[in-house]
Protein chains: 2
Amino acid sequence: MNLKELSDYLGLSQTTVSRALNGYPEVSEKTRRRVMDAARQHDYLPDARAKRLATGRAMAIGHLLPVSKEHEMVNPIFSDFLAGAGKRYAENGFDLVLSVVEDKDEAETYRDLARRGAVDGVVVHGPRINDERIALLTELGLPFVVHGRSSEVSTDYNWIDVNNRRAFARATAFLLDLGHRRIALLNGLAGMDFAARRFKGYQDGLHAAGLDVDPDIVSHAEMTETYGYARTNALLDLDTPPTAIIISSIIPAIGARRALGDRGLTPGKDISIVIHDDDLSYFRNDGDVPTYTATRSSVRAAGEETADMLLAAIREPHQPPRQLLLEAELTVGQSTGAAPAVRQLLKEG
Amino acid sequence: MNLKELSDYLGLSQTTVSRALNGYPEVSEKTRRRVMDAARQHDYLPDARAKRLATGRAMAIGHLLPVSKEHEMVNPIFSDFLAGAGKRYAENGFDLVLSVVEDKDEAETYRDLARRGAVDGVVVHGPRINDERIALLTELGLPFVVHGRSSEVSTDYNWIDVNNRRAFARATAFLLDLGHRRIALLNGLAGMDFAARRFKGYQDGLHAAGLDVDPDIVSHAEMTETYGYARTNALLDLDTPPTAIIISSIIPAIGARRALGDRGLTPGKDISIVIHDDDLSYFRNDGDVPTYTATRSSVRAAGEETADMLLAAIREPHQPPRQLLLEAELTVGQSTGAAPAVRQLLKEG
DNA sequence: TTGAAAGCGCTACCAT
DNA sequence: ATGGTAGCGCTTTCAA
């Protein structure tokens, strides 16, 4: 059943039926009801292809995930972000187009997406320090929201991020409070913006206690299980090994735990581990017992918020960009339940 | 730049330009070259919306992920599957449309996708035992490939799956070889097809050694960290606790390890853990030291294979369905590198 | 409040 | 080997 058939059936013009279905005000209530009922009854849904061509909009949002640096993708809670965003898109009649692209093809992919009219906007994942994608998208005029931020980019753009710096400062302070003085950091890839902010937070925490960063116990790499395993072993082999480790993601933390197990060390007893997973989850050890708390619903909410931001940017192209900074809550001993993250708008200066 | 402008510029008809660009044989090589060069030079790409309407194809594949049972999504290596599939789609000019849907809305979502003409085919994730989606899609005439299988579905359909049963039989046999006689199983949700097959494999392993399944140490639930934590504690509280645990996914395994840590138990010393993550990765403990080996590239390859299967089904609608059963390789002590999964075609009888 | 008809930018049929 | 043109199924002026 298409529009023509439906309007023929109703004895109305395609125009009127289209207007009734799309909520235009000039249709009489009586007609609208008739049309809606008939549409439902006949299982009519407008052809997405025709609608897209006629309106000139793609009715789709692209999510682009750089593949050689897979932080975002391997993150177990990343999917919740997509779920949240996808829900909002669906509510607004948009589809979610997922592009997993090689780093080197990224610029080309954005260009293609824009030129082909395949999407109306994109979400940028895994931003690097001074990420060139922001300039590219601005130049292309393709609306976008960055999931994360990019330091050293001077222009204004839409982003939603978690306060990584503060989160890591807190994690560091927590371990210092427990008496640790030699705290290692297993961080993400050096070029990633979130990793830079997390390092700064770690540094903040140490400085506040009058301590300095020891580069020997700080590392940056892709967050794989292998990395966590090898790096933890290396740390334990040092002449003066750390007494605590802060790990940027749950994935390398698995490897770290295995490395400890190999040596008969018990996390929480022989050594402390604080894990901070990406984005909106916060991990901390409780009385020296490691705790993992994934605040999945808050990640979902962040996805929804991102979608709202992008849809608004598409609808009102001339509004100034928006920013949303989410706070991650330090949760203690919540290992058997999800602790809701405290989310608040904190526009950074 | 659109087709009309490009053809005007070249002094050719839209027809010829279109044919040249789409590789039709009746265009002279000279003309084709001219057209291709001009297209490249002017950054011309055909409008996806127009192309879709004109051809009647969506040039897109849907991946539908049920959200209340989040096995697929929380699986850290699931993203690799999408990456592999997405790559193939891109090579063939298709987009990947991701739909994260509530269980209850699933049927409706499929119907909508089909009626709107938003996708040309779908990949079904997280199949349940006797999954009703297979009948629905068959009825809708929407080409599909199931990532996994669905027992008790009698009709023939496209699927790609890993040999979960054999994998779990092997894991069980391995622990039995080490002398364990009381082996617990932390499995996925009871209704999930993969969980049923894994249970059967576990049972196979026990039976082969003349042992029976003790229901007290077998559990089925959504594979969360919380589940792994709570369930491991419950197991250890038993009068005769297990000496080994097989865990269906890396996520609950994190919780399991934490539970062990709480009690000062060291995995690999006080208790054995074998982890089997979803799909194409295989985990096993090495000399009683737990080992995690994610064969990410093989998961990617499985995604590619799935895409190929679906694209073929779309192009040749009347070919019989295909099936691909992948073997998961039992890897030992490969913790510092990825072990390639042995993949072979094993059409099951 | 309703309708007629001109696009949207392609593809593909039918000519030549 | 190339071109004219009628759609594809909608939306959106412009008229009534």
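Only a predicted model underlies this, so the values are computations on that prediction, with no experimental measurement involved. Just so we're on the same page: letters track the sequence lines, and every chain starts at 1.
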Whole-Å distance, B:Leu3 CG to D:dT5 P, equals 16 Å
Compare side-chain N and O positions of B:Ser13 against OP1 and OP2 of D:dG3 and report whether any pair is under 4.0 Å apart. yes
Distance below 4.0 Å between A:Ser18 side-chain N/O and D:dC10 OP1 or OP2: no
Counting only side-chain N and O atoms of A:Asn22, is one of them less than 4.0 Å from OP1 or OP2 of D:dT11? yes
Neighbours of DNA chain D within residues 25-45 of chain A, by heavy-atom distance under 4.0 Å: A:Tyr44
Hey, are B:Arg116 and A:Asp95 close enough for a salt bridge, meaning a charged N less than 4.0 Å from a carboxylate O? yes
Any N or O donor-acceptor pair under 3.5 Å from the base of C:dA5 to the side chain of A:Thr15? yes
Think A:Lys51 has a side-chain N or O under 4.0 angstrom from the OP1 or OP2 of D:dG9? no
Just to be sure I understand the rule, does A:Thr55 reach a base, reach only the sugar-phosphate, or reach nothing, if contact means heavy atoms closer than 4.0 Å? sugar-phosphate
Salt bridge or not between A:Glu108 and A:Arg133? Use side-chain N to carboxylate O under 4.0 Å. no
I want to check one thing: is the phosphate of D:dA1, taken as OP1 and OP2, less than 4.0 Å away from some side-chain N or O of B:Tyr24? no
Please give, in whole Å, the distance from C:dA12 C1' to B:Leu21 CG? 15 Å
Taking A:Glu5 for its side chain and A:Asn2 for its backbone only, find out whether a donor-acceptor pair lies under 3.5 Å. yes
Look at the side chain of B:Ala54 and decide which nucleotide, out of D:dG4, C:dT11, C:dC8, has an atom nearest to it. C:dT11
Strictly by modelled atom types, are A:Gln14 and A:Asp8 linked by a side-chain donor-acceptor pair under 3.5 Å? no
Value in whole Å for how far the P atom of D:dT5 lies from CD of B:Gln14: 12 Å
Classify the nucleic acid contact of B:Gly11 as base, sugar-phosphate or nothing, counting any heavy atom under 4.0 Å across all strands shown. sugar-phosphate
Whole Å only: how far is the CG atom of A:Leu53 from the P atom of D:dG9? 12 Å
side-chain contact (heavy atoms from CB on, under 4.5 Å) with B:Leu137: of B:Leu64, B:Val124, B:Val146, only one passes, and it is B:Val124
Can you tell me how far P of D:dC10 sits from CE of A:Met59, to the nearest Å? 14 Å
Taken to the nearest whole Å, NZ/B:Lys4 to P/D:dT5 is 13 Å
Grab the CG-C1' distance between A:Asp47 and D:dG7 for me, whole Å please. 14 Å
Rounding to an integer number of Å, can you tell me how far B:Arg115 CZ sits from D:dC10 C1'? 16 Å
First encountered from the 5' end of DNA chain D, between A:Arg57 and A:Arg49: A:Arg49
Does one side chain, of B:Thr16 or B:Ser13, offer a donor that lies under 3.5 Å from an acceptor on the other? yes
Is it true that the side chains of A:Gln323 and A:Asp161 contain a donor and an acceptor less than 3.5 Å apart? no
Does B:Arg315, at its CZ atom, have more than 12 non-hydrogen atoms belonging to other residues, nucleotides or ligands within less than 6.0 Å? yes
With a non-hydrogen cut-off below 4.0 angstrom, is B:Arg19 in contact with a base, only sugar-phosphate, or nothing? base
